[in-house]
Amino acid sequence: MLARQPGVVGRSRALRPDGDPAQVDVVVDFVASNPALIVLLVFLLGFVFFAYLFVRRTLTGLRDGFDEGYRGK
């Protein structure tokens with residue numbers, strides 16, 4: 001019979017051949033126990049994506065403005 005550890009629901013722990021928990025399993029348990037970390041990472045990823053699109057749109061608009069000014073429109 002497999003002994004379950006507290007906090008591990010519905011799955012057994014992946015173990016390396018030397019008996020230590022697998023690195024992926026440790027990371028999954030850490031992320032699952034810290035939902036604020038997930039919210040923070042999603043917020044940061046969204047901010048970086050928004051900043052990239054904002055700068056890209058600004059620079060393409062600037063280039064179009066220079067092109068129109070050079071052509072004399």
Side-chain angles (χ1 to χ4, degrees):
M1 180 172 177
L2 292 175
R4 292 186 182 254
Q5 295 181 2
V8 178
V9 179
R11 65 181 174 91
S12 61
R13 296 181 64 83
L15 299 176
R16 294 188 310 199
D18 60 0
D20 291 334
Q23 189 68 26
V24 173
D25 200 36
V26 172
V27 171
V28 168
D29 284 342
F30 176 76
V31 171
S33 66
N34 295 310
L37 177 68
I38 295 171
V39 171
L40 180 64
L41 289 177
V42 167
F43 175 75
L44 288 175
L45 184 62
F47 178 75
V48 168
F49 184 66
F50 170 76
Y52 166 74
L53 291 177
F54 182 75
V55 170
R56 181 175 171 252
R57 181 177 179 199
T58 302
L59 293 177
T60 55
L62 183 64
R63 185 183 63 203
D64 291 343
F66 278 132
D67 289 344
E68 287 180 16
Y70 181 74
R71 284 183 265 154
K73 287 187 175 182

Within-4.5 Å side-chain heavy-atom neighbours: L62 and T58 | no
Any side-chain heavy-atom pair of N34 and I38 under 4.5 Å = no
How far does CG of D64 sit from OG1 of T60, to the nearest 0.5 angstrom?
-> 6.0 Å
Is it true that F30 and L41 fall in one hydrophobic cluster, defined by side-chain heavy atoms closer than 4.5 Å?
-> yes
